[in-house]
Peer 1: 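A single structure is presented below for examination.
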Protein chains: 2
Amino acid sequence: MPDPVFLPLRNAISRFIKLNDADWQLLEPSLREKKLPKQSHFITEGKVEQEVGFLLDGNMRHYYTRDGEEKTTYFYFEGHFVSSYLSAITNTPSELTIEAMTDCRLIVFHYKDLQKLYDVSHTWERFGRLIAEYLAIGLEQRMVGLLMLSPEERYLDLLDGNKQKIIERIPQHYVSSYLGITPVSLSRIRARLLKK
Amino acid sequence: MPDPVFLPLRNAISRFIKLNDADWQLLEPSLREKKLPKQSHFITEGKVEQEVGFLLDGNMRHYYTRDGEEKTTYFYFEGHFVSSYLSAITNTPSELTIEAMTDCRLIVFHYKDLQKLYDVSHTWERFGRLIAEYLAIGLEQRMVGLLMLSPEERYLDLLDGNKQKIIERIPQHYVSSYLGITPVSLSRIRARLLKK
DNA sequence: GCGGGACGTTAACTTAAGATAAGAAATCGG
DNA sequence: CCGATTTCTTATCTTAAGTTAACGTCCCGC
């Protein structure tokens, strides 16, 4: 008896692998729905965090703390997988915090449940590979942007690419953090661009 | 009849997965030894590059070209896997070039051969996952460094971390590129640090 | 061993980002 | 709807990186 609440997750996974009913039924018992109020933490720095989420509604940010300052390095939107990948994989305390920027609704499961599927199912192992590859490709491109583009170019990149929603819904001082600059600097870049 | 030339690769793979003889024999027929003279290209921008290498000897750099300028973003040493991961995975032309900085000796195989193993062997599929995870973790840390640390801090990071060999053997103008700054700027940072 | 090229440093100048502070604008909670 | 907080902009000053160019050194090939 498949629960329709979980369907968006099944569809998202199906974009990575061909998933039959039997495969899906391996995972479904591990799923739960979870609601997070605005400003609460999905992942907290210092804790070993093994929970993986799939965001149905709302958005979240992912930040590191240094000298008391928060550096926001990633945003999550509907349809994204959310986790402290490093903490889940390595079973070590998370160095990052993931905070709900709005009220959020997620489907969650424990990474250990997925790891069990890795052992028993080649299909799920493949899913794990494809997710990791997807992640690596995104990170590589992000890194190249940081190394090769100026702050202004990185901001322009955000404006047209498919990442446009980042700027639409996100307060500017978080965006500036994502770009690796200060809020003041982003404001100046925007002012410069308007004159052109 | 296992060829001892390929042993270092088998050992490297064994650090990721438990590999029995049968598993290994699936891969071995696809392996070749390859020598690259200094300054030749292992991967060339614009070509679809599906070759994966395992570096036995020598070192290589990985760079992107922009406005005629080369930006070196990665270095490879003995025991590293070398490939244009993105080009191999997505079967699209490589955006980067990988050049031998010294005479190099590698074990190479085609990524398609590995992909065939993904289909027939859960063990090799797992290897693919673990490699991708390893890569993603490294990229995440690199990205965080670029976002959170100043150029000077990034340079100091290079000095103590396990990445020390990067500075030992690599010309400074490549290192500066890796750090995301100009050679002149790196020279100044070094001069500043000496005074302290 | 000589000439040329690659590499690193230094200097002078330009440009842009960081820090701090103040004020305007928008948002939120009651 | 109002007051308080958050967010964004603007301005000033400081600091450091980019650019260009000159110079010295080292290394390599011929």
Side-chain angles (χ1 to χ4, degrees), chain A residues 37-40 58-59 61 63-64 66-73 75 99-104 145-159 166-196, chain B residues 37-40 58-61 63-64 66-73 75 99-103 145-159 166-196:
Chain A
K38 188 173 175 174
Q39 302 214 350
S40 63
N59 50 79
R61 72 187 179 99
Y63 65 86
Y64 291 81
R66 183 180 152 83
D67 303 333
E69 253 196 304
E70 296 172 1
K71 299 273 186 176
T72 300
T73 60
F75 303 102
E99 176 193 280
M101 299 177 66
T102 62
D103 290 348
C104 287
L146 286 170
L147 284 172
M148 311 235 312
L149 304 179
S150 68
E152 181 169 323
E153 288 170 315
R154 294 203 291 278
Y155 176 67
L156 288 170
D157 232 37
L158 227 50
L159 283 177
I166 288 183
I167 7 172
E168 280 169 7
R169 297 197 246 169
I170 305 288
Q172 256 179 59
H173 63 287
Y174 293 151
V175 174
S176 65
S177 192
Y178 179 86
L179 293 170
I181 57 179
T182 61
V184 176
S185 196
L186 176 55
S187 183
R188 279 190 292 228
I189 286 171
R190 287 161 54 85
R192 263 199 316 263
L193 288 172
L194 277 180
K195 281 191 210 136
K196 295 180 186 172
Chain B
K38 189 173 175 174
Q39 302 215 352
S40 62
N59 51 79
M60 308 178 98
R61 72 187 178 102
Y63 65 87
Y64 291 81
R66 183 179 153 84
D67 304 332
E69 253 195 304
E70 295 173 1
K71 299 273 186 177
T72 300
T73 61
F75 302 102
E99 177 194 279
M101 298 177 66
T102 62
D103 290 347
L146 287 170
L147 284 172
M148 311 235 312
L149 304 179
S150 68
E152 182 169 323
E153 289 170 315
R154 293 202 292 276
Y155 176 68
L156 288 170
D157 231 36
L158 228 49
L159 284 177
I166 288 183
I167 7 173
E168 280 168 8
R169 297 198 247 169
I170 304 288
Q172 253 179 62
H173 63 289
Y174 293 151
V175 174
S176 66
S177 192
Y178 179 86
L179 293 171
I181 56 180
T182 60
V184 177
S185 195
L186 176 56
S187 183
R188 278 191 291 229
I189 286 171
R190 286 162 55 84
R192 261 199 317 264
L193 288 173
L194 276 180
K195 282 190 209 137
K196 295 180 186 173

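Chain naming here is simple, since letters A, B, ... match the order of the sequence lines and numbering starts at 1 in each.
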Peer 1: Can you check each nucleotide of nucleotides 24-30 of chain C against protein heavy atoms at under 4.0 Å and return B for base, S for sugar-phosphate only, - for none, in 5' to 3' order?
Peer 2: -------
Peer 1: Please list, chain by chain and in numerical order, all residues satisfying side chain to side chain donor-acceptor pair (under 3.5 Å) with A:Ser150, sequence neighbours excluded.
Peer 2: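 Applying side chain to side chain donor-acceptor pair (under 3.5 Å) to A:Ser150 gives A:Glu153.
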Peer 1: Which ones in residues 175-185 of chain B lie close to DNA chain C, meaning a heavy atom under 4.0 Å from one of its atoms?
Peer 2: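 Going residue by residue through residues 175-185 of chain B, the ones with a heavy atom under 4.0 Å of DNA chain C turn out to be B:Val184.
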Peer 1: For the helix from C:dG1-D:dC30 to C:dG30-D:dC1, how many degrees between its two end axes (five pairs per end), to the nearest 10°?
Peer 2: 60°
Peer 1: Atom pairs, N/O to N/O, protein against nucleotides 4-8 of chain C, distance under 3.5 Å?
Peer 2:
residue	atom	partner	partner atom	Å
C:dC7	OP2	B:His173	NE2	3.4
C:dG8	OP1	B:Gln172	N	2.8
C:dG8	OP2	B:Gln172	N	3.2
C:dG8	OP2	B:His173	N	3.2
C:dG8	OP2	B:His173	ND1	3.2

Peer 1: Can you tell me how far the CD atom of A:Glu152 sits from the CZ atom of A:Arg192, to the nearest 0.5 Å?
Peer 2: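 So the CD of A:Glu152 and the CZ of A:Arg192 are separated by 5.0 Å.
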Peer 1: Side chains of B:Ile189 and B:Pro151: closer than 4.5 Å at any heavy-atom pair?
Peer 2: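 They are in side-chain contact.
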Peer 1: Could you work out, with side chain to side chain donor-acceptor pair (under 3.5 Å) as the rule, every residue matching B:Arg61, not counting sequence neighbours?
Peer 2: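 B:Glu70, B:Thr72, B:Glu99.
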Peer 1: Could you check whether any side-chain heavy atom of B:Leu193 comes within less than 4.5 Å of a side-chain heavy atom of B:Leu156, counting everything from C-beta outward?
Peer 2: yes
Peer 1: Run the ring-ring contact (aromatic ring centres under 6.0 Å, His included) test against B:Phe75 and tell me which residues pass, sequence neighbours left out.
Peer 2: B:Tyr178
Peer 1: May I ask you to decide if A:Val184's main-chain N or O and A:Ser187's side chain share a donor-acceptor pair within less than 3.5 Å?
Peer 2: no
Peer 1: Take atom CG of A:Leu186 and atom P of C:dA16, then tell me their distance rounded to the nearest Å.
Peer 2: 16 Å
Peer 1: With B:Thr182, which residues qualify under side chain to side chain donor-acceptor pair (under 3.5 Å), at least two apart?
Peer 2: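 None.
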Peer 1: Can you find a pair of side-chain heavy atoms, one from A:Ile181 and one from A:Tyr155, that are under 4.5 Å apart?
Peer 2: no
Peer 1: Roughly how far apart are B:Leu179 CG and B:Leu186 CG, rounded to 0.5 Å?
Peer 2: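 Reported to 0.5 Å precision, the distance equals 6.0 Å.
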Peer 1: So does A:Arg188 get a side-chain nitrogen or oxygen closer than 4.0 Å to the phosphate oxygens (OP1/OP2) of C:dA19?
Peer 2: no
Peer 1: Under 4.0 Å from any heavy atom of chain B: name the first and the last nucleotide of DNA chain D that qualifies, 5' to 3'.
Peer 2: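 Listing 5' to 3', DNA chain D meets chain B from D:dA17 to D:dT20.
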Peer 1: Side chains of A:Thr102 and A:Cys104: closer than 4.5 Å at any heavy-atom pair?
Peer 2: yes
Peer 1: Would you please name every residue forming a ring-ring contact (aromatic ring centres under 6.0 Å, His included) with B:Tyr64, sequence neighbours left out?
Peer 2: B:His62
Peer 1: I'd like to check the salt bridge (charged side-chain N to carboxylate O under 4.0 Å, His left out) partners of A:Arg190; sequence neighbours left out, ordered by chain and number.
Peer 2: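 Once residues adjacent in sequence are excluded, A:Arg190 has no partner under the salt bridge (charged side-chain N to carboxylate O under 4.0 Å, His left out) criterion.
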Peer 1: Among residues at least two apart in sequence or on other chains, which ones pass salt bridge (charged side-chain N to carboxylate O under 4.0 Å, His left out) with B:Asp103?
Peer 2: none
Peer 1: Kindly give the heavy-atom pair with the smallest separation between B:Pro37 and B:Ala100, and that separation in Å.
Peer 2: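 It is O-CB, 3.7 Å.
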